[in-house]
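Here's the structure we're looking at; comments come further down.
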Amino acid sequence: MLTKKQYELLTFINYRLNETGISPSYDEMKDALDLKSKSGIHRLITALEERGFIRRLPHKARALEVLKLPENMTAGASKNTPSNVIKADFETPAEAKLTPVAANDMIELPLLGKIAAGTPIEALRDNSNTVEVPPSLLGKGEHYALEIDGDSMIEAGINDGDTVLIERCDTAENGTIVVALVDDNEVTLKRLRRKGDQIALEAANKDFETRIFGPDRVNIQGKLVALLRKY
């Protein structure tokens, strides 16, 4: 089942590929769907990819290819096709086998503020700031960005002033660098280590000690997927 906006976006992408051979930019998709932010387009594209309607090539993450269409949508459908929520059987028409073309734009992620990589700070609070990142740095799921304040993770290549990109999740494998919420009021970026029924938050700097907590004191807020650095 596709939502109204998913259906509209798939229709628009397919229309533009058929008409011009070039996939629309994120700004064009945002305007066509009357959305306020390009981050909404990123979420819709991820949802369509997860459902097998489109794909992004492995080393060309901004290249979009239509793999299949809803049964009631023809390959030449215009972006003005009625956009109600649908539930139907799906097929992969030959006309939809198009050459992938880059969507030449960046993704906007919410920048939630600074996170102390040395000493935990207050819990994250949403604000209106955003950061633009290449889609190739992101995988599936919801993401956000944080600015690093401190040097406790420098041996992992994470420096003071870096912007880290985080995939939102509530679980992570042992050894993963995570955003951890401690005692519901502090948040920090550390490497996760599980030791029996204890959780260790491990720094990547010999001058900082590892902190160990009971399992009920730590909640995972996300895991590190990439970072941005200005020189």
Side-chain angles (χ1 to χ4, degrees), residues 1-112 126 128-145 165-169 222 225-226 228:
M1 183 175 71
L2 295 181
T3 67
K4 175 181 178 180
K5 289 299 184 184
Q6 290 166 4
Y7 185 88
E8 288 178 341
L9 182 59
L10 180 60
T11 305
F12 181 54
I13 292 171
N14 184 67
Y15 167 75
R16 288 294 296 272
L17 285 170
N18 275 283
E19 289 294 308
T20 68
I22 301 174
S23 61
S25 70
Y26 281 84
D27 272 322
E28 290 171 330
M29 289 187 270
K30 174 177 69 71
D31 292 342
L33 271 66
D34 196 26
L35 297 179
K36 295 181 179 179
S37 170
K38 288 182 285 188
S39 60
I41 294 297
H42 176 63
R43 288 192 292 270
L44 291 171
I45 287 176
T46 298
L48 289 171
E49 186 178 28
E50 290 175 345
R51 288 162 175 77
F53 289 95
I54 62 176
R55 70 174 177 132
R56 293 176 280 196
L57 296 183
H59 300 294
K60 298 179 181 179
R62 286 172 288 178
L64 299 178
E65 180 183 19
V66 176
L67 298 177
K68 65 182 180 181
L69 299 171
E71 191 176 47
N72 63 337
M73 183 196 299
T74 65
S78 79
K79 72 183 181 72
N80 295 318
T81 299
S83 54
N84 57 316
V85 178
I86 62 171
K87 183 176 182 181
D89 296 327
F90 301 109
E91 59 183 9
T92 306
E95 297 94 324
K97 297 296 185 179
L98 303 169
T99 302
V101 182
N104 54 354
D105 231 320
M106 304 283 275
I107 296 298
E108 283 186 350
L109 294 183
L111 179 61
L112 300 186
D126 288 355
S128 59
N129 294 328
T130 62
V131 60
E132 291 192 341
V133 303
S136 58
L137 294 181
L138 307 176
K140 297 178 180 179
E142 183 180 355
H143 297 77
Y144 60 89
L165 308 183
I166 305 297
E167 178 186 340
R168 195 181 295 274
C169 62
V225 296
L228 304 175

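Since we're looking at a predicted model, the values are computed, not measured.
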Heavy-atom check, side chain of Ile166 versus side chain of Tyr144, under 4.5 Å: yes

Here the gap from Asn14 atom CG to Glu65 atom CD, rounded to the nearest 0.5 Å, amounts to 11.5 Å

Report the distance from atom CZ of Arg43 to atom CD1 of Ile45, rounding to the nearest 0.5 Å. 11.5 Å

Output for pair (His143 NE2, Glu167 CD), nearest 0.5 Å, gives 4.5 Å

In terms of heavy-atom contacts, Leu9 and Met29 come closest through CD1-SD, 3.4 Å

Working note: Leu109 + Leu138, criterion side-chain contact (heavy atoms from CB on, under 4.5 Å); need CA distance, chi angles, decisive distance, verdict. CA-CA 10 Å; Leu109 294 183; Leu138 307 176; 4.0 Å; yes

Set of side chain to side chain contact (heavy atoms under 4.5 Å, CB included) partners for Ala226, sequence neighbours left out: Leu137, Leu165

Enter the distance from Leu17:CG to Phe12:CZ here, rounded to the nearest 0.5 Å. 10.0 Å

Rounded at 0.5 Å granularity, tell me how far OG1 in Thr46 sits from CD1 in Ile54. 8.0 Å

Work out which heavy atom in Val131 is nearest to a heavy atom in Ala145; give both atom names and the distance. CG1-CB, 3.5 Å

Arg16: which residues meet the salt bridge (Lys or Arg N to Asp or Glu O under 4.0 Å) condition with it, sequence neighbours left out? Glu28

With Gln6, which residues qualify under side chain to side chain contact (heavy atoms under 4.5 Å, CB included), at least two apart? Leu2, Thr3, Leu44, Ala47, Leu48, Arg51

Glu50: what forms a salt bridge (Lys or Arg N to Asp or Glu O under 4.0 Å) with it, not counting sequence neighbours? none

Is there a donor-acceptor pair closer than 3.5 Å between any side-chain N or O of Lys30 and the backbone N or O of Ile41? no

How long is the straight-line distance from CZ of Arg55 back to NZ of Lys68, given to the nearest 0.5 Å? 14.0 Å

Sub-4.5 Å side-chain heavy-atom contact between Pro70 and Leu10: yes

